[in-house]
There are 2 protein chains.
Amino acid sequence: MSAKLHRTSDHPLSPVPLADFKVGVDNVIFSVDTQQNRLMVLVVMRHDEPFAGYWSLPGTLVRQGESLEAAAYRVLAEKIRVNTLYLEQLYTFGGPDRDPRESPQAFNVRYLSVSHFALVRFEDAELIADGVSGIAWYPLAQVPQLAFDHNEILTYGYRRLRNKLEYSPIAFDVLPEVFTLGDLYQLYVTVLGEGFSDYSNFRARLLKLGFLQDTGQKTSRGAGRPASLYRFDAAAFEPLKEKAMVFI
Amino acid sequence: MSAKLHRTSDHPLSPVPLADFKVGVDNVIFSVDTQQNRLMVLVVMRHDEPFAGYWSLPGTLVRQGESLEAAAYRVLAEKIRVNTLYLEQLYTFGGPDRDPRESPQAFNVRYLSVSHFALVRFEDAELIADGVSGIAWYPLAQVPQLAFDHNEILTYGYRRLRNKLEYSPIAFDVLPEVFTLGDLYQLYVTVLGEGFSDYSNFRARLLKLGFLQDTGQKTSRGAGRPASLYRFDAAAFEPLKEKAMVFI
DNA sequence: ACAAAAGTGTTTACTCTACACCCATGG
DNA sequence: CCATGGGTGTAGAGTAAACACTTTTGT
């Protein structure tokens, strides 16, 4: 964000007034409910204006000395206790008038949102109910009208999630240390939808890639043949990084 | 960027001080010099502190009432006159201390950079020399040490450019209305490097996709058989949108 | 024995790659 | 007539999609 070079706007006595910003971080937090095969989104109830009484994406304003990423992790940590997660920056929404608080009377402060998207493990994501604010997982398909432009951010986040799942090993950030290929397949089906691939083809492709390490252990869950437990081998994945690798 | 829900920070009398930001927009502007087969990057010379005397990516601070995108287009328009271009948001760099102006004495103002990347047509990009600021195209490989974290932003932009070229029809935003398949191939080779694909395979794949419309016209440039001129058919491309289509 | 889930294999159709080769033009 | 770039075709390897089949468990 170097200053402009033209004197007309770079000069301290510039005639063009710069905007003053508060910077917010809003998180699209996804989780896969493997019991019911549903993709969940975390939303929080707003109690203050604007949009009091609306659900919204969990967010916060960036504090002095705090990086954007740190703010994103803070929001997450304030809402849920979780060990394993994947988080990355999504997009920055910053048009004027996206936030009703930007009235000219309010000192002309603009509100900008650096959105992030996160994927957390559903089973060990413990919601932090503070007794005041509502907080809930919604199945993606049933998310209601949200505050601000948060539905738009959510749509954007979902697109990114699907892309990431196809090209990157983020599923392993959210699966247990050892898992069955069925677990992995269910996760993919839940996010990408039925019919993205046949189980046996999915299985063959992934095993051929060679970064799934068979632990030798088996697990039995009710009826059916016991499944082998696998572990993600990050070292074996290294050479595949940056390649247009497709999981689907 | 909804306000936090926890009282400790959402309350007007919050004990946690929020950061105040100036928001900058920095553009990674690429162009393909088809004469010499070089990928070029636009840089401008800084005359003011910090980093006076360094080359930097063209940038500006966002003004009151101005959207991020508008600011990005303004920077571009101030540096070059160009008709055809592609522009999109890249990433937001916002850690504390990325800008030396963020001294505690300076009212604790943070500087955040919403970087964008653009691809413009080299032939009709006319640099605007204002007599004061230096401005130049550098071949990507020879870009010097830049101000701030701009080399990092440039690296990020180059990665995005390559990805975009593989998945999206941005090449046609920067090619003339009609072009030969050789023109298109050269553009790809220049950006993606030799050996991304053989010409005849590239050709066959693209023609099969069906969105290149043969105009029937031919062009002759020196020796060699005259080439057919093609036009990008946006309507025919529509159904391919959102599909993981690969040009390479 | 049977259902359920895991795991293997096979067939068929494409797609990718690396070439070889023909075509039309300028010098 | 030959160098130059445009354009076509093809063999062989590899990949993808659909689906049939076997294995191992719980009930």
Side-chain angles (χ1 to χ4, degrees), chain A residues 34-37 165-167 175-176 178-190 192-231 239-240 243-248, chain B residues 34-37 165-167 171 175-176 178-190 192-231 240 243-248:
Chain A
T34 43
Q35 304 304 304
Q36 303 198 53
N37 284 356
L165 213 59
E166 290 176 10
Y167 299 120
L175 282 172
V178 295
F179 50 86
T180 69
L181 288 175
D183 293 339
L184 183 60
Y185 180 67
Q186 276 311 318
L187 196 158
Y188 272 81
V189 168
T190 304
L192 300 178
E194 205 81 39
F196 82 97
S197 172
D198 168 282
Y199 173 66
S200 75
N201 292 330
F202 176 79
R203 177 190 174 78
R205 203 168 329 115
L206 248 77
L207 289 178
K208 173 130 59 122
L209 289 170
F211 54 75
L212 292 183
Q213 179 177 95
D214 193 333
T215 62
Q217 295 158 266
K218 303 262 176 194
T219 183
S220 191
R221 318 217 257 252
R225 174 173 173 173
S228 294
L229 287 168
Y230 288 84
R231 187 193 310 281
L240 301 175
K243 295 203 177 179
M245 69 158 307
V246 189
F247 284 56
I248 61 159
Chain B
T34 43
Q35 304 304 304
Q36 303 198 53
N37 284 354
L165 214 58
E166 290 176 11
Y167 299 121
L175 282 171
V178 296
F179 50 86
T180 69
L181 288 174
D183 294 338
L184 184 60
Y185 180 66
Q186 275 311 317
L187 196 158
Y188 271 81
V189 167
T190 304
L192 300 177
E194 206 81 40
F196 82 97
S197 171
D198 167 280
Y199 172 67
S200 74
N201 293 330
F202 176 79
R203 178 190 173 78
R205 202 167 332 115
L206 247 75
L207 288 179
K208 173 128 61 121
L209 289 171
F211 53 75
L212 292 183
Q213 180 178 93
D214 192 333
T215 62
Q217 296 158 263
K218 303 265 177 192
T219 184
S220 190
R221 318 217 256 252
R225 174 174 173 174
S228 293
L229 287 168
Y230 288 85
R231 186 193 311 280
L240 302 175
K243 294 204 179 177
M245 70 159 306
V246 190
F247 285 56
I248 60 159

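Values reported hereafter were calculated over all heavy atoms of this structure, with side chains retained and with hydrogens, waters and symmetry mates removed. All of these numbers come straight from a predicted model, not from anything done at the bench.
Each of A:Phe196 and A:Ala223 was assigned the nucleotide of DNA chain D with the nearest heavy atom; the assignment lying further toward the 5' end belongs to A:Phe196. Where A:Leu181 and A:Gly224 each meet DNA chain C at their nearest nucleotide, the meeting point lying more 5' is that of A:Gly224. Residue order along DNA chain D, read from the 5' end via each residue's closest nucleotide, puts B:Gly182 first among B:Asp198 and B:Gly182.
In this structure, A:Lys208 reaches the D:dT15 phosphate: one of its side-chain N or O atoms is under 4.0 Å from OP1 or OP2. Residue B:Ser197 has no polar side-chain atom (N or O) positioned under 4.0 Å from OP1 or OP2 of C:dC16.
Distance CZ (B:Phe247) to P (C:dT15): 16 Å, rounded to an integer number of Å. To the nearest angstrom, C1' of C:dT15 lies 9 Å from CZ of B:Arg205. The CG atom of B:Leu229 sits 11 Å away from the P atom of D:dG6 (whole-angstrom rounding). In this structure, B:Leu206 atom CG and D:dG7 atom P are separated by 13 Å, rounded to whole Å. If you take OH of A:Tyr199 and C1' of D:dT22, they are 14 Å apart, rounded to a whole angstrom. Separating the OH atom of B:Tyr185 from the C1' atom of D:dG7 is a distance of 14 Å, rounded to the nearest angstrom. Rounded to a whole Å, the CD atom of B:Gln186 is 13 Å from the C1' atom of D:dG6. Look at CG on B:Asp183: it is 13 Å from P on D:dG5, rounded to the nearest Å.
Side-chain atoms of A:Asn201 lie closest to D:dA18 of the nucleotides C:dG26, D:dG7, D:dA18. Of the candidate nucleotides D:dG7, C:dG26, D:dG26, D:dG7 has the atom lying nearest to any side-chain atom of B:Ser228. Checking C:dT17, D:dG6, C:dA6 against the side-chain heavy atoms of B:Arg225 singles out D:dG6 as nearest. Ranking C:dA24, C:dG7, D:dG7 by closeness to the B:Pro226 side chain, first place goes to C:dA24.
Taking the centre of each ring, B:Phe202 and B:Phe247 stay at or above the 6.0 Å mark.
Contact detail for B:Ser220 and B:Gly224: the closest heavy-atom pair is OG-O, 4.5 Å.
If you check every strand for non-hydrogen atoms under 4.0 Å, A:Arg203 touches a base. The residue B:Ser200 sits close to a base: some heavy atom pair falls under 4.0 Å.
A salt bridge links A:Arg221 with A:Asp183: the closest approach of a Lys/Arg side-chain nitrogen to an acidic carboxylate oxygen falls below 4.0 angstrom.
The side-chain heavy atoms of A:Leu175 and A:Leu187, taken from C-beta on, include a pair separated by under 4.5 Å.
The residue from A:Asp214, A:Val178, A:Leu181 that alone fulfils the side chain to side chain contact (heavy atoms under 4.5 Å, CB included) condition with A:Leu229 is A:Val178.
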